[in-house]
Amino acid sequence: MKKFSFIIIFGFVLSLVVTSCGEDFLDRTPSNGYTADNFYSTDEAVIKAIEPLYNYAWSGYNERAIVGMGSFRANDAWSPYLQGEFARFTITGLTDVLVNAWSSIYMVIAMSNQLINDMDNYTASTVSENAKNQARGEAMLMRGTAYFYLLRGWGEVVLYEDNVDATSRPVRPLATEESVLQFIVRDFERAAELLPEKGVNYHPSRYVAKAMLAKVLLAQSGWNKGQRDEATLRRVVDLCDEVINCGQYRLLDDYENLFRPQYNDNEETLLAMRWADPLLGEYASNNNLISDLAWADVTDVNCWGGSLHASVDMINYYNEEPADSFRLRGTFFTPGRFYSYIWSEKGGYTYKTNWIQCKKGVVGTKADCDGHLAQQASPLNTYIMRLADVYLIKAEALLGNNTSTTDPEALKAFNATRLRAKLPAKTSFTFEDLIRERRIEFCLEYCNWYDMVTWYRWKPQYMLDFFNHKQHRAFMLNSGDVLMNEDRTLSYRCVFPGTNNWYFYDSEGHCYWSDCLRMSDDDQTVVKSAKQGYVYDLDSLANSRGADYAPIVLSEANIFMPYPEADVIQNPYFNQPPQAYDFGKQ
């Protein structure tokens, strides 16, 4: 890395921007002959220059870090072989995927800065003001989004808006978290003013910026305050209503379709990373997560995944409400589930393994993707925000500082995702209910941890208790460790983390399962059921191992991730208190 990983040299960023001229959203054509002075000569060229912000810039984050940072840390799922250090909270400033993510997100910022600068200085007179405003608006939308990820990943980070100035003055102080929040709010507010009423050719409308603004304002309302600010919460509700009522977006009827490439850019999508067609062979612009998520049984391209499975927490959530089968089957493969659209050329696919492996992101075979699938290249978009999030943001804002609510508007918003999942509407909900609903709705969409950090900054003791006493982290499940019961609940057994010992047994060698005691590893005969007084206390079983068991403990020291070590070494400010950002100089 030169200087610091968040610095992208002016000419390099420009070269990335000008290579995106083409006919369709993600097409590329050679940039021979283009310079900053002559590239922006038409509205079409300006709009094409925006598009690397939706794929290339995010590549280093999406390549692997996104799963560990957004889902494993939330304990949505886990694998000891795929970024296990994120789930164990043992990452360091030398963890390569963390460094790649940090650099990638700053790439988004640098490219956004460059585009804003180019609109002010390098557009021809033939370019309309509408096109320039759209480019500025999208750049500010994506820059704000990038900083929102950085804030919830690292806390205090470096803010900058001018690439040339940043290159000449790379040693900069960290900005306070409050300054970063203010910066993000300002970017989203400006984007909402600049973006058009309706987006064209998959580009966002102003309502996307308003949705993102609602989300960051919800975070800001309670960040380091203990109590959420009521005036800010009212503004959040108003913004959510604007988005919900604008007539451009709706919840898809079938939750499962959200994660099929044929439904990319659906009416629920507000903002997404939109990847290049796998057949173009552009590695840095492809969604390459397929290789870590899928395995030979479910696809015909070379993949090496399959170890990623549901966490104990998520299985327990699903068991609380077995009727929530649509979201379960869209998120995880479970024993006996049939999918008509996987291996469709052979009549479909039935998951025959007694396990619970990742389904989201697994798109089947080449034929299932209309031919648009390759090794390390999935056609599936990566959601940043969908309309379901807006409904739950509104519900959370209306809940506010209360422990529970029966407010009709709050219930209507909260129940929107439940009704889509064919579940009965609730007549009241608590903050714990809201956590549960968000975790199920967005499980394995690489965002649950970021919401948890927002809640932690609002209710630190509540969330530390949740992390350390209500979650069960890094308990391993293997093939053969999950059974589907007649009532559609899942019975599971697990290996406790931090040891080489396998399953839990009583003194007679009977194996502990989540809902009963069974005869042995190989004999699944029930020895004692819950109706007979069997109690499965996973914490007590794990703690009974004494020194063999090392629980994962979260605290202020590890909620936020470490900075890349190269940045810390080269910039003394990383070891000094953060400073308020001077907005007046910008």
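Owing to the predicted nature of the structure, the values given are computational and were not obtained by experimental measurement. Basis for what follows: all heavy atoms, side chains included, without hydrogens, waters or symmetry-related copies.
Note: Thr176 OG1 to Gln182 CD = 8.5 Å, rounded to the nearest 0.5 Å. Once rounded to the nearest 0.5 Å, the distance linking CD1 of Ile440 with OG1 of Thr331 reads 9.0 Å. Here CG of Asp389 is found 10.0 Å from CD of Glu268. Values are rounded to the nearest 0.5 Å. For the atom pair Asn381 CG and Tyr202 OH, the distance stands at 9.5 Å (nearest 0.5 Å). The CG atom of Leu53 sits 9.5 Å away from atom CG of Leu141, with the distance rounded to the nearest 0.5 Å. Met119 CE to Tyr40 OH: the interatomic distance, rounded to the nearest 0.5 Å, is 4.5 Å.
Checked for salt-bridge contact, Arg190 and Glu193 miss the test: no charged N lies under 4.0 Å from a carboxylate O. Note on Glu445 versus Arg386: salt bridge recorded, some NZ/NE/NH1/NH2 to OD/OE distance being below 4.0 Å. A salt bridge links Arg136 with Asp120; the closest basic N to acidic carboxylate O contact falls under 4.0 Å. A salt bridge links Asp265 to Arg274: at least one charged side-chain nitrogen sits closer than 4.0 Å to a carboxylate oxygen. Salt bridge present: Asp451 and Lys215 bring a charged side-chain N and a carboxylate O closer than 4.0 Å.
Listed here is the closest heavy atom pair of Ala146 and Ile109: CB-CG1, 3.7 Å. Closest heavy-atom contact between Met111 and Pro52: CE-CB, 3.5 Å. Contact detail for Leu387 and Leu251: the closest heavy-atom pair is CD2-N, 3.8 Å. Summarising the geometry of Pro204 relative to Leu195, their closest heavy-atom pair is O-CD2, 4.0 Å, with the distance given to 0.1 Å. Thr417 and Ala388 get closest at one heavy-atom pair: CG2-CB, 3.8 Å. Nearest approach of Ile116 to Met140, heavy atoms of both residues: CD1-CG, 3.8 Å.
Within the 3.5 Å criterion, the main-chain N or O of Glu282 finds no donor-acceptor partner in the side chain of Ser285. With Asn448 contributing its side chain and Leu444 its backbone, the two residues share no donor-acceptor pair below 3.5 Å. A distance-only check finds no donor-acceptor pair linking the side chain of Asp76 to the backbone of Phe72 [under 3.5 Å]. Looking only at distances, a side-chain donor or acceptor of Asn287 sits under 3.5 Å from a matching main-chain atom of Leu289. With hydrogens and angles disregarded, a donor-acceptor distance shorter than 3.5 Å links the side chain of Asp313 to the backbone of His472. Not a single donor-acceptor pair under 3.5 Å links the side chain of Asn100 to the backbone N or O of Tyr61. No side-chain donor-acceptor contact under 3.5 Å links Gln220 to the backbone of Val216. No donor-acceptor pair closer than 3.5 Å links the side chain of Asn62 to the backbone N or O of Trp58. Of the possible polar contacts, one joining the Asn571 side chain to the Arg172 backbone as a donor-acceptor pair under 3.5 Å is found. With Ser179 contributing its side chain and Ala175 its backbone, the two residues share no donor-acceptor pair below 3.5 Å.
Inspection of the Asn121 and Asn117 side chains reveals an N or O donor paired with an N or O acceptor under 3.5 Å. Between the side chains of Glu51 and Asn55, no donor-acceptor pair is found at a separation under 3.5 Å. There is a side-chain donor-acceptor pair under 3.5 Å between Tyr249 and Ser205. Using modelled atom types and a 3.5 Å distance limit, the side chains of Glu178 and Trp223 yield no donor-acceptor pair. No side-chain donor from either of Ser221 and Asp229 sits under 3.5 Å from a side-chain acceptor of the other. Side-chain contact check for Glu161 and Tyr581: at least one donor-acceptor pair (N or O, by modelled atom type) lies under 3.5 Å. Using modelled atom types and a 3.5 Å distance limit, the side chains of Tyr573 and Gln579 yield no donor-acceptor pair.
Both tests hold for Arg152 against Tyr149: distance to the six-membered ring centre under 6.0 Å, angle to the ring axis within 45°. A cation-pi arrangement is absent between Lys470 and Tyr317, since the terminal nitrogen or guanidinium carbon is not both under 6.0 Å from the aromatic centre and inside a 45° cone about the axis. Cation-pi check for Lys360 over Tyr446 is not met; the charged atom does not lie both under 6.0 angstrom from the ring centroid and within 45 degrees of its normal.
The side-chain heavy atoms of Arg73 and Ile91, taken from C-beta on, include a pair separated by under 4.5 Å. Leu380 places a side-chain heavy atom less than 4.5 Å from the side chain of Asn264. Residues Tyr160 and Tyr106 meet the side-chain proximity criterion, which asks for heavy atoms closer than 4.5 Å. Two residues are said to be in side-chain contact when any heavy atoms from C-beta on lie closer than 4.5 Å; Tyr207 and Leu270 fail this criterion. Counting heavy atoms from C-beta on, the side chains of Val171 and Pro572 come closer than 4.5 Å.
Asn75 pairs with exactly one of Met452, Arg439, Met314 by the side chain to side chain contact (heavy atoms under 4.5 Å, CB included) rule, that one being Arg439. Among the candidates Arg235, Arg206, Lys210, the single residue satisfying the salt bridge (Lys or Arg N to Asp or Glu O under 4.0 Å) test with Glu189 is Arg235.
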Side chain to side chain contact (heavy atoms under 4.5 Å, CB included) for Tyr122 and Val127? Distances and angles first, verdict last. CA-CA 10 Å; Tyr122 294 104; Val127 175; over 6 Å; no
Which is it for Asn130 and Gln134 under the side chain to side chain donor-acceptor pair (under 3.5 Å) test, yes or no, and what are the steps along the way? CA-CA 6 Å; Asn130 286 342; Gln134 182 172 340; over 6 Å; no
Could you walk me through whether Tyr54 and Trp275 pass ring-ring contact (aromatic ring centres under 6.0 Å, His included), step by step? CA-CA 7 Å; Tyr54 294 89; Trp275 304 102; over 10 Å; no
Please lay out, stage by stage, how Thr430 and Asp433 fare under the test side chain to side chain donor-acceptor pair (under 3.5 Å). CA-CA 5 Å; Thr430 65; Asp433 292 329; 3.2 Å; yes
Please report the C-alpha distance between Tyr391 and Glu396 in whole Å, then the side-chain angles of each, then the deciding distance to 0.1 Å, and finally whether the side chain to side chain donor-acceptor pair (under 3.5 Å) criterion is met. CA-CA 9 Å; Tyr391 279 108; Glu396 186 173 340; over 6 Å; no
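Taking the six-membered ring for Trp and the full ring otherwise, the centers of Phe183 and Tyr147 sit less than 6.0 Å from each other. Between Trp458 and Phe431, the gap from one ring centroid to the other is short of 6.0 Å. In this structure, the ring of Trp455 has its center no less than 6.0 angstrom from the ring center of Phe466.
Around the NZ atom of Lys412, the shell of radius 6.0 Å holds no more than 12 heavy atoms that belong to other residues, nucleotides or ligands.
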Please tabulate, one pair per line, all N/O donor-acceptor pairs under 3.5 Å involving side-chain atoms of residues 553-565, not counting sequence neighbours.
from, atom 1, to, atom 2, distance (Å)
Ser555, OG, Ala557, N, 3.2
Glu556, OE1, Tyr456, OH, 2.3
Glu556, OE1, Arg457, NH1, 3.4
Glu556, OE2, Arg457, NH2, 3.4
Asn558, OD1, Ser555, N, 2.9
Asn558, ND2, Val553, O, 3.0
Tyr563, OH, Glu156, O, 2.4

